Amino acid sequence: MKFSRKETVKISIIYSLILIFANILGILISSTIESPGGHIKRTSECVRIFVNKLKNTEQYKKYSDSFYQSVIRAAPMHDLGKIAVDDAVLRKPGKFTDEEYEKMKAHSKEGARIVKEVIKSVENEEFKQIAINVAHFHHEKWNGQGYPEKLSGNQIPFEARIMALADVFDALVSRRCYKDSFSYDKAFQIIEESLGSHFDPDLGKIFMQCRPQLEELYNTYQAE
């Protein structure tokens with residue numbers, strides 16, 4: 001199902017509001033931590049690059065253009081659940097305690113609930129389900145050791161498997177309150193070593209092929 005002009009405008013407004021809110025959240029959490037808005041913008045562009053590669057890969061041409069368009073539009077909503085996480089947990093520079101980790105993990109299920117509420121007026125049912133799945137399942141792992149539902153393999157919605165790769169890549173190559181940024185070589189090495197455990201192995205191989213475009217994108221961000 002394609003987006004009507006009205007729905008395209010509506011989703012664009014939602015995206016803008018998410019970015020504004022994410023930047024405010026970053027300021028409230030700590031001025032020393034990069035704003036979540038930066039993560040949202042980078043991962044969204046990362047997903048766009050990845051999706052464009054998938055659309056031109058024979059194995060993944062079975063998915064419709066409207067499906068891929070929905071994945072791109074849903075990407076900015078993947079971390080909305082973090083607004084429900086205590087800022088002391090979000091800004092902690094060290095390792096989480098078991099209790100803190102449980103609080104952080106709750107953001108995916110809470111995110112699905114929030115996304116469902118935020119986009120309830122959108123009529124495109126395909127988009128709504130994709131956006132909810134991206135928020136809910138982007139921390140699941142191929143081997144079933146992720147969260148919140150411990151799904152494995154193809155049980156994990158395809159759109160969430162796409163988001164997982166973009167999300168982790170950004171986390172690796174970006175500075176966080178608890179770590180410095182990794183080099184591109186190190187980041188892609190980690191992802192490659194995680195194929196078949198954390199990530200869908202076939203999907204991950206296609207993501208690895210996006211390296212030139214991803215490096216170009218992130219070099220642009222670093223130059224800003």
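Because the structure is a prediction, the values reported are computed rather than measured.
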When you look at Leu217 and Gln213, which way does the side-chain contact (heavy atoms from CB on, under 4.5 Å) test go after all the steps? CA-CA 6 Å; Leu217 172 67; Gln213 298 97 316; over 6 Å; no

May I have the step-by-step check of side-chain contact (heavy atoms from CB on, under 4.5 Å) for Val51 and Phe67, ending in yes or no? CA-CA 10 Å; Val51 160; Phe67 170 85; over 6 Å; no

I would like to know whether Gln145 and His198 meet side-chain contact (heavy atoms from CB on, under 4.5 Å); could you show each step before the answer? CA-CA 8 Å; Gln145 297 302 304; His198 190 149; over 6 Å; no

Assess the residue pair Glu126 and Ser64 against the criterion (side-chain contact (heavy atoms from CB on, under 4.5 Å)); give the C-alpha distance rounded to whole Å, side-chain angles, the decisive distance to 0.1 Å, and a yes or no. CA-CA 11 Å; Glu126 178 185 52; Ser64 66; 4.1 Å; yes

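Atom CG of Leu214 is separated from atom OH of Tyr218 by 7.0 Å, given to the nearest 0.5 angstrom. In this structure, OG1 on Thr220 lies 11.5 Å from CD on Glu215, to the nearest 0.5 angstrom. In this structure, OG1 on Thr43 lies 13.5 Å from CZ on Phe50, to the nearest 0.5 angstrom. Here the straight-line distance linking atom OG of Ser108 with atom NE2 of His138 works out to 6.5 Å at 0.5 Å rounding. The distance from atom CD1 of Ile119 to atom CD1 of Ile132, rounded to the nearest 0.5 Å, is 5.5 Å. Atom OH of Tyr63 is separated from atom OG1 of Thr57 by 12.5 Å, given to the nearest 0.5 angstrom.
Met77 and Phe137 are not part of a single hydrophobic cluster, where members link through side-chain heavy atoms under 4.5 Å apart. Note: the hydrophobic cluster containing Val134 also contains Leu54 (ILVMFWY, side chain heavy atoms under 4.5 Å, direct or indirect links). By the rule that hydrophobic residues join a cluster once side-chain heavy atoms approach within less than 4.5 Å of another member, Leu195 and Ile156 end up as members of separate clusters. Using a 4.5 Å cut-off between side-chain heavy atoms of Ile, Leu, Val, Met, Phe, Trp and Tyr, with links allowed through other members, Trp142 and Phe158 fall into different hydrophobic clusters. One hydrophobic cluster, built from ILVMFWY side chains closer than 4.5 Å, holds both Ile130 and Val47.
Residues Ala135 and Ala112 approach most closely at CB-N, 3.8 Å, considering heavy atoms. Of all heavy-atom pairs between Leu203 and Ile162, the closest is CD2-N, 3.8 Å.
Not less than 6.0 angstrom separates the ring centroid of Tyr60 from the ring centroid of Tyr68.
When atom types are taken as modelled, the side chain of Lys92 and the backbone of Lys95 share a donor-acceptor pair closer than 3.5 angstrom. A distance-only check finds a donor-acceptor pair linking the side chain of Gln155 to the backbone of Ser152 [under 3.5 Å]. Of the possible polar contacts, one joining the Glu140 side chain to the Lys150 backbone as a donor-acceptor pair under 3.5 Å is found. Using a distance-only test at 3.5 Å, with no hydrogens or angles considered, no donor-acceptor pair links the side chain of Ser194 to the main chain of Ser197.
Pro76 is listed as a side-chain neighbour of Ser44, based on a closest heavy-atom distance under 4.5 Å. Two residues are said to be in side-chain contact when any heavy atoms from C-beta on lie closer than 4.5 Å; Glu216 and Asn219 fail this criterion.
Note: His139 and Tyr147 have parallel aromatic rings, judged against thresholds of 30 and 60 degrees for the angle between ring planes.
For His136, the side chain to side chain donor-acceptor pair (under 3.5 Å) test picks out Glu149, with sequence neighbours left out. Evaluation of the side chain to side chain contact (heavy atoms under 4.5 Å, CB included) rule for Ala187 yields Phe169, Leu172, Val173 as partners, not counting sequence neighbours.
No side-chain N or O of Tyr221 forms a donor-acceptor pair with one of Asp170 less than 3.5 Å apart.
Checked against Gln189 for a side-chain hydrogen bond (donor to acceptor under 3.5 Å, both in side chains), the options Lys186, Glu192, Glu193 give a single hit: Glu193.
Heavy atoms from other residues, nucleotides or ligands lying under 6.0 Å from CD of Gln59 number more than 12. Other residues, nucleotides and ligands contribute only 12 or fewer heavy atoms inside 6.0 Å of the NZ atom of Lys116.
Taking the charged nitrogens against the carboxylate oxygens, Glu58 and Lys61 do have a contact shorter than 4.0 Å, which makes a salt bridge. Salt-bridge formation is detected for the pair Glu102/Lys105: a Lys NZ or Arg NE/NH1/NH2 atom is positioned less than 4.0 Å from an Asp or Glu carboxylate oxygen. We find that Arg211 and Asp185 are joined by a salt bridge, their nearest charged nitrogen and carboxylate oxygen being less than 4.0 Å apart.
Applying the side chain to side chain donor-acceptor pair (under 3.5 Å) rule to pairs touching residues 158-168 yields His39-Asp167, His78-Asp167, Asn133-Glu159, Asn154-Arg161, Arg161-Asp200, sequence neighbours excluded.
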